[in-house]
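The block underneath contains the structure these notes are about, expressed in structure tokens.
Values reported hereafter were calculated over all heavy atoms of this structure, with side chains retained and with hydrogens, waters and symmetry mates removed. These numbers come from a predicted model, not from an experiment. Chain identifiers are assigned alphabetically (A, B, ...) following the order of the sequence lines, protein sequences preceding nucleic acid strands; residue numbering begins at 1 within each chain.
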There are 2 protein chains.
Amino acid sequence: MSDVARVAGVSLMTVSNVLNGRPNVGAETRLRVLEVVDELGYEINLTARRLRTGRTGTVGLIVPRFDHQYYSELAARISDALAPEGLHLVVEQSGANRERELSALSLARLQQYDGVLLSAVGLDFRDLDRIHPDVPIVLLGEQDVPDRYHSIKMGNVAGARLATEHLLAGGAQRIAVLGGRLDAPHLDMASSRAQGWADALDAAGLDPDPQLVIPLEFFSIAEARSAIADRIAGGLAVDGVLGVTDEIAIGAMSGLRDAGRTVPDDVQVVGFDNLRVSEHVLPGLTSVDPGHDAMVAEALRLLRRQMEDKGAAPEHVVSDVALVERGSTRRPR
Amino acid sequence: MSDVARVAGVSLMTVSNVLNGRPNVGAETRLRVLEVVDELGYEINLTARRLRTGRTGTVGLIVPRFDHQYYSELAARISDALAPEGLHLVVEQSGANRERELSALSLARLQQYDGVLLSAVGLDFRDLDRIHPDVPIVLLGEQDVPDRYHSIKMGNVAGARLATEHLLAGGAQRIAVLGGRLDAPHLDMASSRAQGWADALDAAGLDPDPQLVIPLEFFSIAEARSAIADRIAGGLAVDGVLGVTDEIAIGAMSGLRDAGRTVPDDVQVVGFDNLRVSEHVLPGLTSVDPGHDAMVAEALRLLRRQMEDKGAAPEHVVSDVALVERGSTRRPR
DNA sequence: CCGGCGGGGTATAACGTTAAACCTCGCGAT
DNA sequence: ATCGCGAGGTTTAACGTTATACCCCGCCGG
């Protein structure tokens, strides 16, 4: 910048003023400066600007994995929603293991953003309590979180219940919850969706059979596929599967086919998340739609509120869920 | 940091030295400093460090869309590969439209990273020529790029040819290339894969029928699905489909089913990218594997080379492709 | 004719680090 | 006795911006 100033024969501040469109610069001067900028190929140093101003124009999104579709769709939605406001999204992967999660979460890293959207499944309360950043944060979450954070939660229990009721209405009696768990220390995604499943069965006067709760470690398609196929090969009787995510449900459909079952005639399948691809797999996957757009809109609203007013009182929003019926389940009779 | 220094009764530099594990700090002093750091909850300001040192420990990956699976899988792979080296990956979306692409590409933004992996489809030569950054860059690319950049290219032509030959071997005669185009100004992904298709047909003594080149705008599953269904409804005779990406091929399978065709009996389908999900759709999607791990490894090698030696001569690597056969195509007879 | 004011512009001091030079011991070798 | 040296530490000057205060000049109203 000082090179530009020298060549243009003005002061540093004038160059800065021109570049930032500030007033009190003469028209000729402005033109001359812009010319020199172009000529020298000068580009502003965002790091220095950030150090000086404290603003970055950048929002960070932290997700456990880039390659879980739910997160990549989320990232795309948020990025698109942020663009009109002149804000930029950058995405970081916190990773499966704790060490990397903590490193991504270190206050130091978070402070590089004007605001942070944190979608951290593995995270537990104590980690969150350790950090008390002055960066605006919104937790996008599946699990319960400390009250002092702003948060958007999915209607996990309600959605899983809706899905399970739909399976029951279609005639299913033995519904497995693939990827679920019942004994989690905190109410995380896997356990709250399993909870919705149990609630629906209870309400229907059925006993949730622990055998039908099939935990998964990585929540991947491949893992889900082999898990359900193995159980069936092991003699488990099943006529409905609630995948705790769409990816798991997609894996389940393949696994059921591996095991010689047809969907939806032998076994109905329903997923959770309503991913874009779910409409296009064969048969189309019935899924719980968590209201993506509303979640994103709310998340950004909470973020903006904090950016404008540091002391804004935490809000906790729970998104509405809805069931999207497709070919992997039978219409209620 | 100066607070820490004052409370610990040492100089700023000593605190800095402790925090960076530099020598020439006494054991007691080190301990005392660390205590105070903890007590005050001090966290280093990465922006200031970056301004001073010029290093960030961060690599940027710029992709057109987060929610195209190919890119999210790529991001995950790269992030995983970078972690052991103590480098951090952040991902930015350049977006579909030119304006946002240019903004993501502004030298200013790129300079925030120690290195940049650029996977920009929409980009044309002139954009790339405008920037001549001193940040190490590797182009991950589908299209031809200026020689002065380091680049990793997929074996697009070879892969598409392989796939088409496989369809021919399985007995297909009228093979559509969904998402392809032949008249592109530059050899981008869509046109180089279409080129491979044309090459294979030529070699087999068949005439590439322009009707069978079905261009797409967004390369989305939904678009592919309706495009193929519409063509078939319009009377197009087809017994093989080469989707230029796996997502397109997945859409094609749904569209074929919508049109009353079965896969692979009526129509064989093959994709390109070998996404994780492709193994698990029904039927399994035959796909061209572009050698993901090798590409990532090479990309990082080129990046490191530039980081270590600014003036390193540009290298251009083309990845090896391989066909992965699954249920969406017939075995050669 | 003077005071005030606004347009155009500049000088200076930060923002929070770290590289580099430098300082001061105490100790062992000469 | 002196020198060199290394361990432990400090001082200073950047890195590239921008906020703030300030300066100068011409013009307008009273």
B:Thr29 side-chain N/O to D:dG8 phosphate OP1/OP2 under 4.0 Å: no
B:Leu140 pairs by side chain to side chain contact (heavy atoms under 4.5 Å, CB included) with which of B:Ile62, B:Leu117, B:Val63? B:Leu117
What residues in residues 19-26 of chain A put a non-hydrogen atom under 4.0 Å from any atom of DNA chain D? A:Asn20, A:Arg22
Note: contacts of residues 45-56 of chain B with DNA chain C (heavy atom, under 4.0 Å) are B:Asn45, B:Ala48, B:Arg49, B:Arg52, B:Thr53
Less than 4.5 Å apart, side chain to side chain, heavy atoms only: is that true for A:Gln306 and A:Val138? yes
May I ask you to test the B:Asn17-B:Asn24 pair for a side-chain heavy-atom distance under 4.5 Å? no
When you compare the side chain of A:Val59 with that of A:Tyr113, does any pair of heavy atoms fall below 4.5 Å? no
Can I get a per-line list of side-chain donor-acceptor pairs under 3.5 Å for residues 30-38 of chain A, giving both atom names and the distance, sequence neighbours left out?
{"from": "A:Arg30", "atom 1": "NH2", "to": "A:Arg22", "atom 2": "O", "distance (Å)": "3.2"}
{"from": "A:Arg32", "atom 1": "NH1", "to": "A:Ala8", "atom 2": "O", "distance (Å)": "2.4"}

State the OG-CG distance between A:Ser319 and A:Asn156, to the nearest 0.5 angstrom. 8.0 Å
Using whole Å, what does the distance between atom P of nucleotide C:dG7 and atom CD of A:Glu28 come to? 17 Å
For DNA chain C, determine which residues of residues 5-13 of chain A have any heavy atom closer than 4.0 angstrom to one of its atoms, and list them numerically. A:Val10, A:Ser11, A:Met13
Separation of D:dG8 atom P from B:Arg30 atom CZ, nearest Å, is 9 Å
Establish, from distance only, whether the side-chain atoms of B:Glu92 and A:His88 form a donor-acceptor pair under 3.5 Å. yes
Within residues 2-12 of chain B or reaching into it, pairs that qualify as salt bridge (charged side-chain N to carboxylate O under 4.0 Å, His left out) - sequence neighbours excluded: B:Asp3-B:Arg6
Can you confirm whether B:Val318 sits close enough to B:Met154 that some side-chain heavy atom of one is under 4.5 Å from a side-chain heavy atom of the other? no
Indicate yes or no: at least one non-hydrogen side-chain atom of A:Val317 is less than 4.5 angstrom from one of A:His150. no
For residues B:Gln69 and B:Asp273, is any side-chain donor paired with an opposing acceptor at under 3.5 Å? no
Using whole Å, what does the distance between atom C1' of nucleotide D:dG16 and atom CD of B:Gln111 come to? 12 Å
Less than 4.0 angstrom from a charged side-chain N to a carboxylate O is my criterion; do B:Glu308 and B:Arg304 meet it? no
Using the C1' atoms of five pairs at each end, what's the angle between the two axes of the helix from C:dC1-D:dG30 to C:dT30-D:dA1, to 10 degrees? 50°
Quick check on D:dG8: is either OP1 or OP2 less than 4.0 Å from any side-chain nitrogen or oxygen of B:Thr14? no
Report which part of the nucleic acid B:Ser2 touches: base, sugar-phosphate, or nothing (heavy-atom distance under 4.0 Å, all strands). nothing
Is the closest side-chain donor-acceptor distance between A:Asn45 and A:Arg50 under 3.5 Å? no
